[in-house]
Amino acid sequence: MMKDRMIVQSQRKLSDKIYEMKLKGDLVGEITSPGQFVHIRVTDSFEPLLRRPISIAAYDQAEKQMTIIYRAEGRGTTILSEKRAGDEMDVLGPLGNGFPVTETASGETAVLIGGGIGVPPLYELSKQLNKKGVRCIHILGFQSSEAVFYEKEFSLLGETYIATVDGSQGTTGFVTDVMGQIEEEFATYYSCGPMPMLKAVQATYSGKKGFLSFEQRMGCGIGACFACVCETSDNVSKPYVKVCSDGPVFEAGVVSI
Amino acid sequence: MMKDRMIVQSQRKLSDKIYEMKLKGDLVGEITSPGQFVHIRVTDSFEPLLRRPISIAAYDQAEKQMTIIYRAEGRGTTILSEKRAGDEMDVLGPLGNGFPVTETASGETAVLIGGGIGVPPLYELSKQLNKKGVRCIHILGFQSSEAVFYEKEFSLLGETYIATVDGSQGTTGFVTDVMGQIEEEFATYYSCGPMPMLKAVQATYSGKKGFLSFEQRMGCGIGACFACVCETSDNVSKPYVKVCSDGPVFEAGVVSI
Amino acid sequence: MNRLSVDLPGLQLKNPIMPASGCFGFGKEYGMLYDLSILGAIMIKATTLETRFGNPTPRVAETASGMLNAIGLQNPGLDGVMKEELPWLEQFDVPIIANVAGTETADYVEVAKTISTAPNVKALELNISCPNVKCGGITFGTDPEQAYELTAAVKAVSTVPVYVKLSPNVTDIKEIAKAVEAAGADGITMINTLVGMRLDRKTGRPIIANVTGGLSGPAIKPVAIRMVYEVSQVVEIPIIGMGGVSETDDVIDFLSSGASAVAVGTANFVDPFICPTIIEELPVKLDELGVEHISEIVGRSHRL
Amino acid sequence: MNRLSVDLPGLQLKNPIMPASGCFGFGKEYGMLYDLSILGAIMIKATTLETRFGNPTPRVAETASGMLNAIGLQNPGLDGVMKEELPWLEQFDVPIIANVAGTETADYVEVAKTISTAPNVKALELNISCPNVKCGGITFGTDPEQAYELTAAVKAVSTVPVYVKLSPNVTDIKEIAKAVEAAGADGITMINTLVGMRLDRKTGRPIIANVTGGLSGPAIKPVAIRMVYEVSQVVEIPIIGMGGVSETDDVIDFLSSGASAVAVGTANFVDPFICPTIIEELPVKLDELGVEHISEIVGRSHRL
Ligand SMILES: Cc1cc2nc3c(=O)[nH]c(=O)nc-3n(C[C@H](O)[C@H](O)[C@H](O)COP(=O)(O)OP(=O)(O)OC[C@H]3O[C@@H](n4cnc5c(N)ncnc54)[C@H](O)[C@@H]3O)c2cc1C
Ligand SMILES: Cc1cc2nc3c(=O)[nH]c(=O)nc-3n(C[C@H](O)[C@H](O)[C@H](O)COP(=O)(O)OP(=O)(O)OC[C@H]3O[C@@H](n4cnc5c(N)ncnc54)[C@H](O)[C@@H]3O)c2cc1C
Ligand SMILES: Cc1cc2nc3c(=O)[nH]c(=O)nc-3n(C[C@H](O)[C@H](O)[C@H](O)COP(=O)(O)O)c2cc1C
Ligand SMILES: Cc1cc2nc3c(=O)[nH]c(=O)nc-3n(C[C@H](O)[C@H](O)[C@H](O)COP(=O)(O)O)c2cc1C
Ligand code: FES
Ligand code: FES
């Protein structure tokens with residue numbers, strides 16, 4: 001973990017309100033797994049005050065470059081979307097524990113299920129699983145076709161199913177509607193998305209080995225403030241976990257949802 | 001008075017912490033006299049919250065362009081100094097009543113006395129007086145030679161004396177030290193600068209016709225909030241004046257200093 | 001149907017937006033920028049019995065997302081307001097809420113009695129919460145009994161409904177609210193400013209000549225929203241909410257927390273067109289929220 | 001001579017800078033970023049008698065130049081703090097100020113008695129001002145008599161000096177300060193958070209699951225400075241000031257207003273290196289101000 005002044009390399013709009021930004025800096029050298037995140041200070045002023053947690057969507061340690069993909073919705077992410085190549089930004093990271101690539105063996109199949117802005121960290125995960133010889137199936141859920149991004153990038157890494165709530169692209173409905181259609185055997189699943197989706201995914205694949213990445217509103221991002229706790233299920237020894245430092249990725253069943 | 005989104009045409013550093021910025025917009029069409037000011041919102045965010053009052057240093061109505069000169073000291077003016085050509089800014093103005101050019105007749109002499117960031121509005125004033133055929137003598141006070149700006153510009157418009165507190169340029173001391181040396185007759189004086197300077201100028205030239213431009217911390221800038229009042233001298237009928245809407249320029253003797 | 005209309009004691013508002021007292025003078029300056037008839041109402045600058053010059057300057061200082069002021073109730077006095085300011089405002093089709101201030105009960109009563117007879121004054125706003133005057137003002141606003149007495153005394157003489165403006169500088173604002181309701185107040189306006197201070201970095205001395213000032217602007221909005229939420233659940237009379245309103249979403253927040261209408265203070269200095277802008281944007285917001293009439297969102301933060 | 005040293009009851013500080021309680025956990029996380037021995041002191045997270053899970057999430061929400069929190073005093077309980085957290089902190093050359101919380105006098109007393117015996121705990125900070133727990137906490141902080149009783153009870157059992165942490169959510173903070181001084185408090189820490197609220201824009205419901213939260217950050221600094229200014233003039237005991245400190249200039253402001261040392265809370269989240277940065281910059285500021293030792297600026301806002 002370090003605080004780095006990273007340099008914006010590029011900024012591009014991918015779809016409705018969704019932006020992809022490339023950043024360069026020494027921080028990249030410390031990333032250890034896909035699914036870790038960074039805590040970004042979008043301005044040097046004190047308004048907006050807090051950092052914004054954003055997942056690392058891809059990284060290249062040789063180039064010291066990483067990619068983030070985010071939705072410009074509120075005040076902080078809107079300011080983020082106005083940065084241009086060459087701008088400097090205060091980035092804290094890498095934070096947290098990402099998806100365990102080791103949990104799926106070469107030759108096995110993994111299902112990666114993402115919803116909305118939960119999709120980005122699955123991209124680096126799929127790249128690493130592919131590299132290892134794991135077959136990846138991607139199920140990506142969005143509100144509508146205008147919100148879809150990185151479909152082509154994922155397709156290059158494995159079968160990719162899209163679900164949209166309004167039916168404007170792919171299957172009409174939720175990722176779980178696609179999950180029901182997949183008949184193949186698989187070893188593990190990995191998922192990132194909004195809480196109701198994670199809940200549905202865990203229920204649908206109950207009994208399967210899976211890893212879920214959670215979101216919570218954060219203060220410090222490093223485990224000191226107790227803002228981001230989740231209660232654990234009864235069968236876990238600790239009463240709570242912190243999303244920022246114990247997670248954001250937990251094995252299915254750990255967090256009570 | 002209007003609220004205009006003006007476009008930054010250029011930004012350049014003149015001396016230690018002093019910047020000159022040119023702005024373009026319809027607002028320029030409404031300027032009626034030198035010494036009026038604009039109230040600038042330096043950011044679209046709410047931090048810093050308040051607008052900053054800055055004098056109009058020069059304007060060109062045909063080109064819809066005006067110049068401001070300011071010291072980047074606090075939070076607001078520092079943000080101002082980071083603007084680049086092409087940026088848009090929310091500017092309210094022109095505000096207040098400026099220096100009366102009419103009070104000096106063609107062929108007469110006027111003394112213009114400025115201190116620090118009180119110097120800028122005297123530039124447009126001198127241009128207009130010159131145009132009218134008034135002979136201008138400029139006495140400009142600064143902290144040190146590093147803070148001096150627009151000496152050449154003023155010299156082209158008339159005799160120009162510099163005083164610096166540390167003696168690194170021109171007369172050592174204050175503008176009043178130069179004023180004592182001027183032996184010529186003059187019809188009027190015009191002054192802008194910090195309160196202690198205005199006080200000293202008014203005392204030195206007591207009995208003379210003069211016009212002083214005042215500063216006060218402001219809220220609204222248009223006369224509604226009563227932040228910027230000054231008490232008047234006993235011989236004036238109103239008990240107070242507002243710097244923003246009654247001033248910033250008052251005839252010597254009106255404001256109690 | 002007007003989707004933005006609000007009916008309150010004495011006040012038939014075209015829309016729930018009005019400039020807050022002290023941030024709009026008596027309307028003349030903003031009247032040069034837009035037609036004041038579009039406003040829901042206007043809360044004019046505090047009026048006292050006698051002319052007041054107010055506090056020495058500096059009277060304002062900026063703080064993080066906020067500002068301090070210590071104007072000290074400068075105003076032309078009851079006479080001047082009755083003879084000059086209110087008649088001038090009659091050209092506009094807009095109800096006036098007269099902010100009444102004083103140092104003791106007798107002044108409040110005298111100002112209230114007279115000013116409530118002005119034809120365009122449709123309600124009074126009893127200022128028991130001004131932190132910037134030495135005696136009177138805030139002391140009435142921090143003690144439930146004194147607040148009760150003063151409200152009752154003013155109610156007895158006013159010919160128009162009386163709203164009482166509460167101070168946030170108290171341990172329990174609900175108590176003061178209940179006291180003024182019991183005394184017959186027709187409505188509550190809240191919040192006035194929080195008492196704060198800023199020092200000069202070089203000298204270490206207070207910037208505001210009056211030493212302390214009232215904190216307003218976006219910084220205080222979370223406190224204001226909390227207080228409106230609390231008070232609206234313990235009184236039956238309507239609330240006009242304020243404190244940091246700077247954009248249309250803030251109005252939605254105040255209404256949701258339990259206010260029936262909203263006043264805009266400091267934001268007028270930041271953007272002199274903020275009131276007309278909000279009034280224009282409100283119907284669009286209602287569409288986004290799927291709401292037909294603005295009254296539907298009042299109090300939704302705590303409605304079941 | 002160390003230009004930054006500060007001597008307070010029980011505390012010999014290398015410098016006046018310490019992280020505020022609840023914003024630094026028990027030091028482990030920030031300890032991964034820098035050497036905790038450089039700090040003046042550490043105010044650890046509130047310790048209660050039993051383990052507490054705290055409030056449901058969301059527990060934080062951002063506001064203009066500030067944030068709300070309603071953590072609800074989550075902590076491992078007295079036992080856990082005594083056995084794990086405090087021993088871990090012993091590796092650093094830094095005095096610990098233990099923040100003590102509870103719901104009734106008996107808990108406070110029991111926690112205080114035990115925790116004051118830990119070798120690195122040099123002072124207690126009695127938390128009578130936490131706005132985020134249902135009973136206890138803030139009620140002790142808003143009533144001078146209860147504040148007196150509790151302070152006296154804790155003083156009777158503590159083996160180290162006791163500082164009392166005051167709530168800003170009161171009509172007159174001077175009264176509470178005088179009460180705890182009379183009860184034997186060795187110092188005062190102030191301010192805790194202002195009670196505030198933020199609503200979700202779509203639903204209109206409170207974002208914080210606990211409904212209200214404590215407002216901290218730059219937004220509250222003017223209120224904090226005003227209160228330190230007021231209290232430092234009516235008590236003899238020293239004050240550790242806090243509320244919005246985010247840069248070195250803010251430290252100068254708090255010292256000028258009358259605090260002898262300064263705690264940094266929310267700013268740690270914005271910049272995890274803020275404490276070391278301020279400590280590094282302080283001597284430069286002293287040079288700029290032409291001051292040899294930091295104690296010279298304490299209280300200069302009201303010194304003659
Ligand atoms: C571990 C983690 C990884 C994330 N990765 C991504 C990503 O790769 N791409 C992406 O677009 N988004 C991601 N998010 C969500 C992202 O952090 C929020 O969308 C963002 O903080 C909202 O900020 P804003 O300025 O748009 O909204 P505002 O409404 O201005 O935010 C106000 C406050 O609420 C917090 N907040 C609001 N929504 C969320 C949320 N959903 N989760 C956490 N905090 C929130 C903000 O951080 C801020 O403190 C991630 C969240 C977490 C916790
Ligand atoms: C009518 C008028 C004309 C002016 N013309 C010029 C000019 O041409 N060039 C120039 O450099 N400066 C001018 N000033 C002064 C200028 O407004 C301040 O230097 C500036 O507002 C400081 O802002 P900041 O962000 O640097 O400081 P901060 O310390 O961040 O300011 C905090 C607050 O204090 C106010 N403030 C601080 N100093 C002053 C001051 N001296 N006068 C008024 N308000 C102040 C700010 O406006 C702001 O509200 C003028 C002031 C007035 C009243
Ligand atoms: C410069 C200024 C002057 C004010 N004068 C008055 C006043 O005369 N009477 C009054 O009741 N409130 C006065 N207030 C308080 C406002 O009406 C309002 O309650 C407060 O500023 C909070 O709203 P805001 O954050 O939108 O400004 C004044 C506020 C400011 C900033
Ligand atoms: C997330 C968070 C947790 C806090 N927890 C505690 C606590 O356990 N005990 C306490 O006395 N104060 C607690 N506080 C209050 C701070 O110690 C401090 O008094 C307050 O935040 C004001 O300072 P700041 O503006 O620098 O944050 C907490 C504050 C925050 C933001
Ligand atoms: S965000 Fe502070 S503990 Fe997780
Ligand atoms: S700044 Fe508001 S009256 Fe002058």
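As the structure is a prediction and not an experimental result, all values here were calculated from the model. So you know, we letter chains A, B, ... as the sequences are listed, proteins then strands, and number each from 1.
- Here SG of A:Cys244 is found 8.0 Å from CD of D:Glu29. Values are rounded to the nearest 0.5 Å.
- Summarising the geometry of A:Leu92 relative to D:Pro272, their closest heavy-atom pair is CD1-CG, 3.8 Å, with the distance given to 0.1 Å.
- Interatomic distance, OG1 of D:Thr51 versus OH of A:Tyr240, reported as 9.0 Å (0.5 Å rounding).
- Contact count against chain D (heavy-atom pairs under 4.5 Å) is highest for A:Met1 among A:Met218, A:Met1, A:Met2.
- Among the candidates D:Gly25, D:Ala267, D:Ser65, the residue making the largest number of heavy-atom pairs closer than 4.5 Å to chain A is D:Ser65.
- Interface check for chain D: of the options A:Gln216, A:Arg51, A:Glu231, A:Arg75, the most heavy-atom pairs under 4.5 Å are formed by A:Arg51.
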N/O donor to acceptor pairs below 3.5 angstrom from side-chain atoms of residues 218-228 of chain D, sequence neighbours left out:
{"from": "D:Lys221", "atom 1": "NZ", "to": "D:Asp250", "atom 2": "OD1", "distance (Å)": "2.9"}
{"from": "D:Lys221", "atom 1": "NZ", "to": "D:Asp253", "atom 2": "OD2", "distance (Å)": "2.6"}
{"from": "D:Arg226", "atom 1": "NE", "to": "C:Val195", "atom 2": "O", "distance (Å)": "3.0"}
{"from": "D:Arg226", "atom 1": "NH1", "to": "D:Glu230", "atom 2": "OE1", "distance (Å)": "3.3"}
{"from": "D:Arg226", "atom 1": "NH1", "to": "D:Glu230", "atom 2": "OE2", "distance (Å)": "3.4"}
{"from": "D:Arg226", "atom 1": "NH2", "to": "C:Val195", "atom 2": "O", "distance (Å)": "3.2"}

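- To the nearest 0.5 angstrom, A:Glu215 atom CD is 12.0 Å from D:Thr57 atom OG1.
- When heavy atoms are compared at a cutoff of 4.5 Å, D:Met32 approaches chain A solely by way of its side chain, counted from C-beta outward.
- Annotation for D:Glu50: atom CD does not count as buried by contact number, only 12 or fewer foreign heavy atoms lying within 6.0 Å.
- Atom CZ of residue A:Arg217 and atom CE of residue D:Met67 lie 11.0 Å apart, to the nearest 0.5 angstrom.
- In the displayed structure, D:Glu281 atom CD is contacted under 6.0 Å by more than 12 heavy atoms of other residues, nucleotides or ligands.
- Most heavy-atom pairs under 4.5 Å with chain A, from the set D:Pro58, D:Ala61, D:Cys23, D:Ala64: that is D:Ala64.
- For chain A, the option among D:Gly54, D:Gly217, D:Gly66 with the highest count of heavy-atom pairs below 4.5 Å is D:Gly66.
- With a 4.5 Å cut-off on side-chain heavy atoms, A:Leu49 and D:Phe269 do not count as touching.
- Of the atoms belonging to D:Asn75, not a single heavy atom falls under 4.5 Å from chain A.
- Using modelled atom types, one side-chain atom of D:Glu62 and one backbone atom of A:Leu50 make a donor-acceptor pair closer than 3.5 Å.
- Surrounding CD of D:Gln91 are more than 12 heavy atoms belonging to other residues, nucleotides or ligands, all under 6.0 Å away.
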### Task
Go through the steps to decide whether D:Leu33 and A:Lys3 satisfy the test side-chain contact (heavy atoms from CB on, under 4.5 Å), and finish with yes or no.
CA-CA 9 Å; D:Leu33 293 169; A:Lys3 192 178 84 138; over 6 Å; no

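- Counting non-hydrogen atoms of neighbouring residues, nucleotides and ligands closer than 6.0 angstrom, the NZ atom of D:Lys28 exceeds 12 such neighbours.
- Among all heavy-atom pairs drawn from A:Gly219 and D:Val60, the shortest one is N-CG2, 4.3 Å.
- Residue contact with chain A, scored on non-hydrogen atoms closer than 4.5 Å, involves the backbone of D:Phe24 exclusively.
- Contact residues of residues 37-48 of chain A toward chain D are A:Arg41, A:Phe46, A:Glu47, A:Pro48 (heavy-atom distance under 4.5 Å).
- Heavy atoms of other residues, nucleotides or ligands lying less than 6.0 angstrom from CD of D:Glu280 number 12 at most.
- Heavy atoms of other residues, nucleotides or ligands lying less than 6.0 angstrom from CZ of A:Phe211 number more than 12.
- Heavy-atom contacts from other residues, nucleotides or ligands closer than 6.0 Å to NZ of A:Lys13 number more than 12.
- Taking 4.5 Å as the limit, some side-chain heavy atom of D:Arg59 sits within range of a side-chain heavy atom of A:Val229.
- Contact annotation for D:Lys45: only side-chain heavy atoms (C-beta onward) come within less than 4.5 Å of a heavy atom of chain A.
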